[in-house]
Q: 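One structure is given below, represented as structure tokens, and several questions about it will come after.
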Amino acid sequence: RAVMEKDSPEHEILSALCALPRPVRSMSEAMLLREFRSSRAIRNLASQGLIRRRGWHDGPGGVWVPTPEGERIVSE
């Protein structure tokens, strides 16, 4: 079970992803980097299983989406 500080970049990223409406609850890595400037935080969230990369249905690339565990942490 992952625990993170409320003011950490990881928590800010996860909160931003979870605040989006469910049908569009995702962001590209470029958008996350532009907004939060922390590739380390993205790697940390992914390695803890709190976000995952989802590919596009019709081309290359992908977006980061919160996992159910990540959504649970934000809702608590």
Side-chain angles (χ1 to χ4, degrees):
R1 183 175 191 170
V3 176
M4 66 183 72
E5 307 254 340
K6 291 273 188 196
D7 60 348
S8 69
E10 288 85 355
H11 192 271
E12 290 177 9
I13 290 170
L14 198 54
S15 294
L17 285 171
C18 290
L20 296 168
R22 186 166 292 282
V24 294
R25 193 170 285 176
S26 63
M27 278 192 212
S28 69
E29 188 158 345
M31 290 292 291
L32 288 173
L33 289 172
R34 184 169 56 220
E35 180 79 21
F36 300 102
R37 299 185 181 342
S38 183
S39 58
R40 179 189 53 81
I42 296 168
R43 286 191 311 272
N44 287 347
L45 288 166
S47 71
Q48 293 175 35
L50 301 177
I51 62 174
R52 68 177 180 84
R53 189 171 190 117
R54 185 185 76 207
W56 297 110
H57 70 285
D58 61 355
V63 291
W64 289 102
V65 297
T67 62
E69 174 72 8
E71 291 176 347
R72 186 190 56 72
I73 285 175
V74 170
S75 70
E76 287 181 347

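Given the structure is predicted, the values throughout are model-derived calculations rather than measurements.
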Q: For the atom pair CD1 (Ile73) and OG (Ser75), what is the distance rounded to the nearest 0.5 Å?
A: 9.0 Å
Q: Got a second to check how far Arg43's CZ is from Glu29's CD, nearest 0.5 Å?
A: 9.0 Å
Q: Once you round to the nearest 0.5 Å, how far does CZ of Arg54 lie from OG1 of Thr67?
A: 13.0 Å
Q: Which heavy-atom pair separates Phe36 from Ala16 by the least distance, and what is that distance?
A: CZ-CB, 3.6 Å
Q: In Å and rounded to the nearest 0.5 Å, what is the CZ to CE distance from Arg34 to Met27?
A: 10.0 Å
Q: If we only count heavy atoms from C-beta on, is the Ser15 to Lys6 side-chain gap below 4.5 Å?
A: no
Q: When rounded to the nearest 0.5 angstrom, what is the spacing between OG in Ser39 and CG in Leu32?
A: 11.0 Å
Q: Tell me the closest heavy-atom pair linking Leu17 and Arg25, and the distance in Å.
A: O-CG, 2.9 Å
Q: Rounded to the nearest 0.5 Å, how far apart are CD1 of Ile51 and OG of Ser26?
A: 11.5 Å
Q: With side chains defined as the heavy atoms from C-beta onward, is the minimum distance between Leu33 and Ile42 less than 4.5 Å?
A: yes
Q: What's the shortest heavy-atom distance between Gly70 and Leu14, and which atoms?
A: O-CD2, 3.6 Å
Q: Would you say Glu35 and Glu12 make side-chain contact, with heavy atoms under 4.5 Å?
A: no
